[in-house]
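In what follows, chains carry the letters A, B, and so on, assigned in the order in which the sequence lines appear, proteins first and then strands, with residues in each chain numbered from 1. All heavy atoms count here, side chains included; hydrogens, waters and symmetry mates do not. The model shown is predicted, which means the values in this text are computed figures rather than measured ones.
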Amino acid sequence: MPELPEVETVCKGLTPVMENREFLSVTLNRSDIRFPFPDNFVKRLEATTITRLSRRAKFLVAELSSGETLLMHLGMTGRFSIDTKTSPIDPDATNPKHDHVIFVMSALHNEQGAPTIYYNDPRRFGFMELLAVGETGRHDTLGPEPLSNSFSGPVLYEAIHTKKSPIKTTLLDQNIVAGLGNIYVCEALFDARISPLRKSCDVSSEECDTLCTEIKRTLDLAIKAGGSTLKDFAATDGALGYFQHSFKVYDRAKTPCPNPDCDDTITRIKQSGRSSFYCLKCQK
DNA sequence: ACGTGCTCCTGTAAGC
DNA sequence: TGCTTACAGGAGCACG
Ligand SMILES: [Zn+2]
């Protein structure tokens, strides 16, 4: 599951082979992944040029010369791989039966061969949407980008101080703050010393300041590390992220709490169907 | 309106 | 060696 830092890594990898290039061909190997592909998907993409590729939360956003917008979401197991003459794909890295979309992009004049981009997604929780000019998409109701100035302690406090649901669940809500997932919420709550079970309305404004700071710091570090590689995340060139070596609590049940003044171990609990990892002594 | 839980799907690992 | 169960980065949807 790619979260914000992983999607950022993917976006950086795709930009040089997608931005300012034309779709020479688009191949769909099935009619749906999480959702059906948009009507006339291939026809609406072929011969258009991507004028800009960017990331919004966990979405990749490609603005097209046609005025339409291609939205791509990786779900849990979505992965893009780039095959070029100079940097050929590792054929053993992914199972080709889960290659659902293939983009062939135009070559630059000093390049030999067109870059080919494979979208592979075993669980098919990812999706692609094509928005007509002015059409709203699933990314329109998202909360603030956590790394932008529009996300701050006071903004977080304002958004959560009336909510009765646990802070863990609230931080996963993309309409509150957009881009966090299970890993980085667990890590940020540990660094802010707040229990994932705490009611959101019981988190003080001072704690929101701390939490906001820790969210930004954790995401920054993870982006610098190229994201986290769990089962199947890799950058578009196959490179692995290494932030997973820096996890303090995520997937570390029964291991010692990393705080030097603490002798407790990390506990795993379930909250709304998903694992939370935390230290009972350090996080209240 | 809000909060919780189920669901989509495949792959892997653990337990018996 | 099976077979069965639990769990995995997400988030839309149906309930109460
Ligand atoms: Zn501790």
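- Here the C1' atom of nucleotide dG10(C) and the CE atom of M72(A) are 17 Å apart, to the nearest Å.
- Figure legend: cation-pi geometry between R193(A) and Y278(A) absent, as NZ or CZ is not positioned both under 6.0 Å from the six-membered ring centre and within 45° of its axis.
- Heavy atoms of K97(A) sit under 4.0 angstrom from primed sugar atoms or phosphate atoms, though from no base atom.
- Within the cation-pi definition used here (under 6.0 Å to the ring centroid, within 45° of the axis), R79(A) does not qualify as a partner of Y118(A).
- Across every strand in view, dC3(C) sits in a pair with dG15(B) that passes the Watson-Crick or G-U test at under 3.5 angstrom.
- The closest side-chain heavy-atom distance from L171(A) to L156(A) is below 4.5 Å.
- Annotation: side chain to side chain donor-acceptor pair (under 3.5 Å) contacts involving residues 145-164 of chain A, sequence neighbours excluded, comprise R55(A)-E145(A), R56(A)-E145(A), S148(A)-S150(A).
- There is no side-chain donor-acceptor pair under 3.5 Å between N259(A) and K248(A).
- Between the side chains of Q271(A) and S276(A), at least one donor N or O lies within less than 3.5 Å of an accepting N or O.
- Remark: the R21(A) side chain and the S106(A) side chain contain no N/O donor-acceptor pair separated by less than 3.5 Å.
- Under the Watson-Crick or G-U wobble criterion, with both distances below 3.5 Å, dC9(B) is left unpaired in every strand shown.
- Considering only side-chain N and O atoms, R268(A) lies under 4.0 angstrom from the phosphate OP1 or OP2 of dA8(C).
- When the P atom is used for both dC7(C) and dG5(B), the distance is 15 Å, rounded to whole Å.
- Only the P atoms considered, dT7(B) is 16 Å distant from dT5(C), to the nearest whole Å.
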Tabulated below should be each protein N or O lying under 3.5 Å from an N or O of nucleotides 11-14 of chain C; please produce it.
unit_1	atom_1	unit_2	atom_2	d
dA11(C)	OP1	H73(A)	NE2	2.6
dA11(C)	OP2	K58(A)	NZ	2.9
dG12(C)	O4'	R34(A)	NH2	3.1

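- On the nucleic acid side, DNA chain B has its first and last nucleotide under 4.0 Å of a heavy atom of chain A at dG3(B) to dG11(B), going 5' to 3'.
- Among D264(A), D261(A), D263(A), the one residue that satisfies the side-chain hydrogen bond (donor to acceptor under 3.5 Å, both in side chains) test with K281(A) is D263(A).
- In this structure, S275(A) reaches the sugar-phosphate backbone alone: every heavy-atom distance under 4.0 Å involves primed, P, OP1 or OP2 atoms, never a base.
- Side-chain contact check for T48(A) and S65(A): no donor-acceptor pair (N or O, by modelled atom type) lies under 3.5 Å.
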